[in-house]
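It should be emphasised that the depicted structure is a prediction, and the values quoted were computed from it without experimental measurement. In listed order, ligands and their atoms are each counted from 1.
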Amino acid sequence: MDYEKLADLLFEKDLKSTEYYEKLYSRRNLKEGAIVTRCAPSPTGRIHIGNLYSYFISEAFAHQSGGIFFLRVEDTDKKRAIENGVQSILDDLKEYNFKIDEGPEIGGDYGPYIQSERKDIYRSFAKSLVLKGLAYPCFCSEDVLEEIRFSQERSKKRIGYYGKYARCRNLTLEEIEEKLKNKEDFVIRLKSPGNFENKVILDDLIKGKIEMPENDLDVVILKSDGIPTYHFAHAVDDYLMGTTVVTRGDEWVSSYPIHDQLFKVLGFSLPKFAHIAPLTKKEGENVIRKLSKRKDNEAKISYYSEKGIPDVAVKLYLATIANPDFERWYTENPDKSYSDFKFEFDKMSVGGSLFDVIKLQSISKIYFSRLKAKDLYEEALKYFKKYNNEFASIMEKYDAYTINVLNIERETLRPRKDIDSYSSIYEIISYMYDELFDKEYKGVDIKEFYEIELLKDYITNYYDENDTKDEWFSKIKLLCDKHGFASDNKEFKASPERFKGNISNVCEVIRVMATGRVQSPDLYEILKLLGKKRINDRIGYFEKYLGENK
Ligand code: GLU
């Protein structure tokens, strides 16, 4: 076969040589130990939490090693592309504050970073394989491929385009010329030099050694529109762009023999591979299944933006999934950022990783508990401006007050951990505003010791907003004594019948009157912030409520 002639028939004359590209994209000059990873989203849908997890890992490993993390948009699947797909990927990545070193918007020495703009590069390398007799045009239609499949099924043979089933493998130049003249559609296939009886070993950084049969399929490398398949683009791009570790979902493990072979026939050195196990979810008692974008809300990243769980909190949880030591480290190092932690591939899960929203919320609570009230205020305001403008206006109207409210039990040794998202703040602090306080005390159960006289006495004769916490507490005790409640718990326990209740009952009635809730953060702080006039107003509403619900 005259491969030169074949290549001329199949490819445009002015394609640049592979040597040209090899030279253009010189090998990266990396410092010892630095690795290059990439994220390679396809614009076939919005990014989901599984993608974020994989990008998080890729970025972490690249940057902790002093290497490069780049973005490559894999838009070769035109049929499945969604409208504005590329832009929404870029927006989502920005929202999550990934530090991308090279990519479509930033540029870099290894671009273009969008596959549809690299068509000539793939064609040049495909042509080089044709020239070496390692690739050929295939004219088999869908019907013919189906026929081959049927015959293999019938005779219980392995399914696929290989060996004697690869009908176009041995077409003569004349036959090819004839078909081209007739404008028959064709794809370019690899002429696989592999033998299914041989083994290839994937030495995966996460999963360890996996032995698989060598590839002998004549896989498609260029589709009929001249665009590469994932397999071919992966080999060409990850080689030319200098990826040193391919981090990707483990659904690609089974294709590894194809990739291994493509790198080899192209004369490329192989990168390392780290195949990431999927995020899973528990369904019922025993079933563990893959987290699904269609079934599970928490798989969509809009879930987090709508709830107001910030990117850092989500990433902290992803870090916990990525490495079981992370959570302890994070708890012990309150001043450090997740990017100070050293991740290790061999600590990552080999099977699936359980994704648990409750756990995410608890990590998020730690994150929120460490924010300064002022920063929390600023970020929460941004969130509410988007999702609850009325509340945002109230927050702005009482800005200094709101910061004080948010500062209750914050910036202390053991800060409160009730906020798990921006949206949760509304429920947690709304009663501190007269505009939102529930004057009707809906849902409050009235207890025997809810005495209005005690409350009136408290505000008239005991409350002083300048009191220290100790002074405040001593006065609550005096109030107890005066109204027949035990100020000393031991005494109460010894003979409860002597009292109407104890000091916690007194605190409860004050709390319920002031907040409408049985539980709240530090009562002393709340009362101090509300001030005498507003407490008095609330006693008025409470009296009405008690009167109406006798
Ligand atoms: N575009 C591929 C995907 O979205 C990327 C796989 C890879 O990272 O190589 O599945």
Side-chain angles (χ1 to χ4, degrees), residues 35-62 67-82 85-90 92-93 96 98 100-104 110 112-119 121-122 202 204-207 219-221 223 227-263 266 268 270-279 290-294 299-301 318 322 345 348:
I35 67 169
V36 180
T37 64
R38 82 296 193 278
C39 64
S42 297
T44 49
R46 296 301 296 254
I47 284 178
H48 54 83
I49 193 79
N51 299 130
L52 275 195
Y53 177 54
S54 145
Y55 306 159
F56 173 78
I57 290 162
S58 311
E59 187 199 336
F61 281 104
I68 300 284
F69 173 60
F70 72 85
L71 163 64
R72 178 175 71 231
V73 174
E74 305 210 323
D75 59 345
T76 55
D77 192 347
K78 294 287 173 211
K79 279 191 220 116
R80 289 176 51 227
I82 58 160
V86 176
Q87 195 51 49
S88 56
I89 286 176
L90 299 177
D92 291 343
L93 289 171
Y96 275 83
F98 283 105
I100 294 168
D101 303 305
E102 299 166 14
Y110 296 84
Y113 291 89
I114 297 190
Q115 286 186 330
S116 57
E117 295 170 18
R118 299 172 66 81
K119 204 169 154 183
I121 307 177
Y122 307 120
L202 160 63
D204 194 89
L205 292 173
I206 298 173
K207 295 180 184 270
V219 290
V220 176
I221 58 175
K223 296 182 263 190
I227 305 248
T229 52
Y230 168 78
H231 305 311
F232 194 60
H234 151 54
V236 172
D237 286 346
D238 280 319
Y239 172 70
L240 291 181
M241 294 174 149
T243 307
T244 65
V245 181
V246 172
T247 42
R248 62 181 177 189
D250 68 2
E251 67 274 18
W252 294 108
V253 166
S254 58
S255 314
Y256 175 76
I258 299 174
H259 303 154
D260 176 86
Q261 193 166 64
L262 281 170
F263 273 85
L266 287 162
F268 297 160
L270 269 148
K272 293 198 166 73
F273 288 81
H275 285 99
I276 301 164
L279 298 178
K290 262 192 183 183
L291 199 64
S292 144
K293 215 162 54 153
R294 269 165 293 280
K300 301 187 196 119
I301 61 169
L318 297 178
F345 281 118
M348 291 180 61

Legend entry - His259 ring center within less than 6.0 Å of Phe232 ring center: no
Inset, instruction - Hey, could you give me the CD/CD1 distance between Gln115 and Ile121, rounded to the nearest 0.5 Å? - result: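 Answer for the CD-CD1 pair, Gln115 versus Ile121, is 10.0 Å.
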Legend entry - Side-chain donor or acceptor of Asp101 paired with backbone N/O of Phe69 under 3.5 Å: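 Confirmed, Asp101 side chain pairs with Phe69 backbone.
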Inset, instruction - Could you tell me whether the side chain of Thr229 and the main chain of Val220 form a donor-acceptor pair under 3.5 Å? - result: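 Flag set: sc Thr229 to bb Val220 pair under 3.5 Å.
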Legend entry - Protein contact of atom 4 (O) of ligand 1 - nearest heavy atom, named by residue and atom, plus distance: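 Residue, atom and distance for the closest contact: Ser42 OG, 3.5 Å.
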Legend entry - Identity and distance of the protein heavy atom lying nearest atom 7 (C) of ligand 1: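 Closest protein heavy atom to atom 7 (C) of ligand 1: Tyr230 OH, 3.3 Å.
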Inset, instruction - Give the atoms of ligand 1, by number and element, whose distance to some non-hydrogen atom of Glu74 is under 4.0 Å. - result: 1 (N), 2 (C), 5 (C)
Inset, instruction - May I ask you to list the atoms of ligand 1 that are less than 4.0 angstrom from any heavy atom of Arg38? - result: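 The atoms of ligand 1 under 4.0 Å from a heavy atom of Arg38 are 7 (C), 8 (O), 9 (O).
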Legend entry - Flag for Ser58-Thr37: side-chain donor and acceptor within less than 3.5 Å: no
Inset, instruction - For ligand 1, find out whether one of its N or O atoms is nearer than 3.5 Å to an N or O atom of Ala40. - result: yes
Inset, instruction - Using distance alone, determine whether Glu251 and ligand 1 share an N or O pair under 3.5 Å. - result: no
